[in-house]
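Reminder, nothing fancy here: chain letters follow the sequence lines and each chain counts from 1.
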There are 2 protein chains.
Amino acid sequence: MTIRPTPRISARKQPKQERSRQVVAAILTAAGRVLAREGVRRFTAARVAVEAGVSVGSLYQYFPNKEAILFRLQADEWKETGGLLGGIIADATLPPLERLRAAVHEFIRSECEEAGMRAALDDAERLYRDAPEARRLRLAVTRTVRAFMREALPHTPQSVRIVAADVMMTAMEAVGKQISEGEYAPAAIDARARALADMFCAYLDTLRASVDV
Amino acid sequence: MTIRPTPRISARKQPKQERSRQVVAAILTAAGRVLAREGVRRFTAARVAVEAGVSVGSLYQYFPNKEAILFRLQADEWKETGGLLGGIIADATLPPLERLRAAVHEFIRSECEEAGMRAALDDAERLYRDAPEARRLRLAVTRTVRAFMREALPHTPQSVRIVAADVMMTAMEAVGKQISEGEYAPAAIDARARALADMFCAYLDTLRASVDV
DNA sequence: TGATAACGCGACTATCTATTCGTATTATTC
DNA sequence: GAATAATACGAATAGATAGTCGCGTTATCA
């Protein structure tokens with residue numbers, strides 16, 4: 001329904017000298033601060049440039065628009081937690097459900113780091129979510145999760161597995177967002193992680209039971 | 001972290017004559033169309049006024065700002081589906097888990113109506129979510145769900161119930177959003193509703209089992 | 001050292017947007 | 001049918017924002 005032109009997000013120019021690499025780095029950390037402090041609505045190229053101690057012109061030399069900065073920030077987060085989760089979920093020395101539990105807790109924990117920035121990043125998601133780069137990143141995560149599901153539920157029909165994986169991912173992300181947005185005590189956060197893990201395990205158990213009769 | 005001034009959202013002036021009531025109605029339906037067609041970013045008072053065939057001035061006579069329009073749109077949706085869900089979930093003639101199942105399906109179904117507008121409304125949520133009116137509405141839903149949980153899991157500690165209710169609500173909303181945003185075939189939507197309901201039921205079953213030993 | 005490429009700068013333009021306010025029009029009341 | 005309240009109007013104001021461009025500075029390399 002909504003017609004959204006997908007924004008260009010890829011970098012405009014690669015920094016070649018050391019100083020320009022530092023400029024890019026300064027822009028990114030400044031962007032994180034601006035986002036956490038002011039929220040998406042007031043996240044502007046000008047403000048980021050000031051915070052980074054750099055001119056707008058320099059900023060636009062490396063990022064085609066502000067969406068690209070936000071995406072880069074988010075992509076870095078994704079790569080980091082994606083790597084962590086991938087490691088946990090692929091660790092064949094533990095039974096699948098243990099791994100799932102561990103992954104859920106790790107995910108929730110990671111959402112708590114720099115919660116202010118993450119919350120704002122979630123708000124900003126719509127600014128870049130339709131871009132192909134974002135889709136590609138998301139797909140990588142999806143594949144990891146599906147691989148896990150294939151291992152955990154080898155006898156469940158693929159169609160069921162895929163939907164289950166999808167719903168679980170959505171749920172986990174949503175709880176993560178919720179936590180990074182509100183003020184939750186550590187105990188409350190932990191309780192939510194546990195509840196989520198319990199819920200997933202219970203679900204997978206019934207799925208397994210409904211086939212392995 | 002983020003300092004967000006909570007926007008004023010309540011109506012500025014109550015329409016007293018028939019023609020002004022029509023203006024308000026025209027504004028609201030036009031707002032829905034604009035939102036669905038152009039997305040939040042291009043949702044402006046001017047555009048809504050044009051779409052409604054009304055002047056900006058008239059618009060501002062009944063809404064203090066555009067957030068108020070969005071909130072009103074969302075509030076109307078919430079009241080509608082809230083009423084529906086409340087009815088299903090309180091229907092004491094069915095066993096609790098049956099009701100839960102029915103409620104999940106009903107919720108997902110309702111999210112599919114006017115999906116374009118709903119998706120944009122979700123994007124717009126941050127514009128009004130901190131306002132007291134929005135908190136109050138949300139609380140009403142929370143209470144309904146908690147009451148249900150109390151009935152379904154009478155022997156589970158309250159603290160566990162509350163967290164479980166919270167996580168389930170979050171998950172359901174997230175799946176609903178996801179569906180209203182993407183292009184899903186009816187079968188895919190149904191599969192997700194079923195998966196969600198299965199997951200919830202499995203979870204509640206284990207919670208029940210862990211106490212009623 | 002001189003030539004060239006990379007980099008950094010920030011004033012500037014072109015839009016958009018929210019919201020107000022004085023005036024004109026229409027309903028209601030007496 | 002005055003008088004008054006309610007409503008409708010939309011030009012105008014004040015501000016924000018995205019993104020560019022030409023020029024000066026710094027690095028690289030022969």
Do B/T142 and B/V145 have side-chain heavy atoms sitting under 4.5 Å apart?
no
Heavy atoms from C-beta onward define the side chain here; which of D/dA11, C/dT17, D/dT17 lies closest to that of B/T44?
C/dT17
For B/F43 and C/dC16, give me the distance from atom CZ to atom C1', rounded to whole Å.
16 Å
Counting heavy atoms from C-beta on, name the nucleotide in C/dA18, D/dA8, D/dA6 closest to the side chain of B/Q61.
D/dA8
Identify whether the distance between the nearest side-chain nitrogen and carboxylate oxygen of B/E173 and A/K177 falls below 4.0 Å.
no
The nucleotide from C/dG8, D/dT20, D/dA11 with an atom nearest the side chain of A/V56 is D/dT20
On DNA chain D, check which nucleotide each of A/K66 and B/P15 is closest to and give me the residue with the more 5' one.
B/P15
Sub-4.5 Å side-chain heavy-atom contact between A/R192 and A/I179:
yes
Atom pair distance, as rounded to whole Å: CZ in B/F63 and P in D/dA8
12 Å
Distance in angstrom units between B/E18 CD and C/dT28 P, rounded:
10 Å
Quick one: which of C/dC7, C/dC9, D/dG19 gets closest to the side chain of A/S58?
C/dC9
For the side chain of A/V54, counting heavy atoms from C-beta on, which of D/dA18, C/dC9, D/dT28 is nearest?
C/dC9
Could you please name the option among D/dA11, C/dG8, D/dA18 that lies closest to any side-chain atom of A/V23?
C/dG8
Taking the side chain as every heavy atom from C-beta outward, state whether A/V23 and A/P15 have any pair of such atoms under 4.5 Å apart.
no
Does the distance from a Lys or Arg side-chain N to an Asp or Glu carboxylate O, for B/R118 and B/E80, drop under 4.0 Å?
no
Residue A/S20, side-chain heavy atoms: nucleotide from C/dA11, D/dA18, C/dC7 that is nearest
C/dC7
Please give, in whole Å, the distance from D/dG22 P to A/Y60 OH?
18 Å
Atom CZ of A/R41 and atom P of C/dC16 are separated, to the nearest Å, by 18 Å
Output the rounded distance in Å from CZ (A/R42) to P (D/dG15).
14 Å
Output the rounded distance in Å from CG (B/L59) to P (C/dT17).
15 Å
Rounded to whole Å, CD of B/Q17 lies from P of D/dA6 at a distance of 8 Å
Does the side chain of A/K16 get closer than 4.0 angstrom to OP1 or OP2 of C/dC7 through an N or O atom?
no
5' priority, DNA chain C, between B/A46 and B/R19 [closest heavy atom]:
B/A46
Looking only at side-chain N and O atoms, does B/R47 come under 4.0 Å of OP1 or OP2 in C/dT17?
yes
Of the listed nucleotides C/dA18, D/dG19, D/dA6, the one nearest the side chain of B/A45:
C/dA18
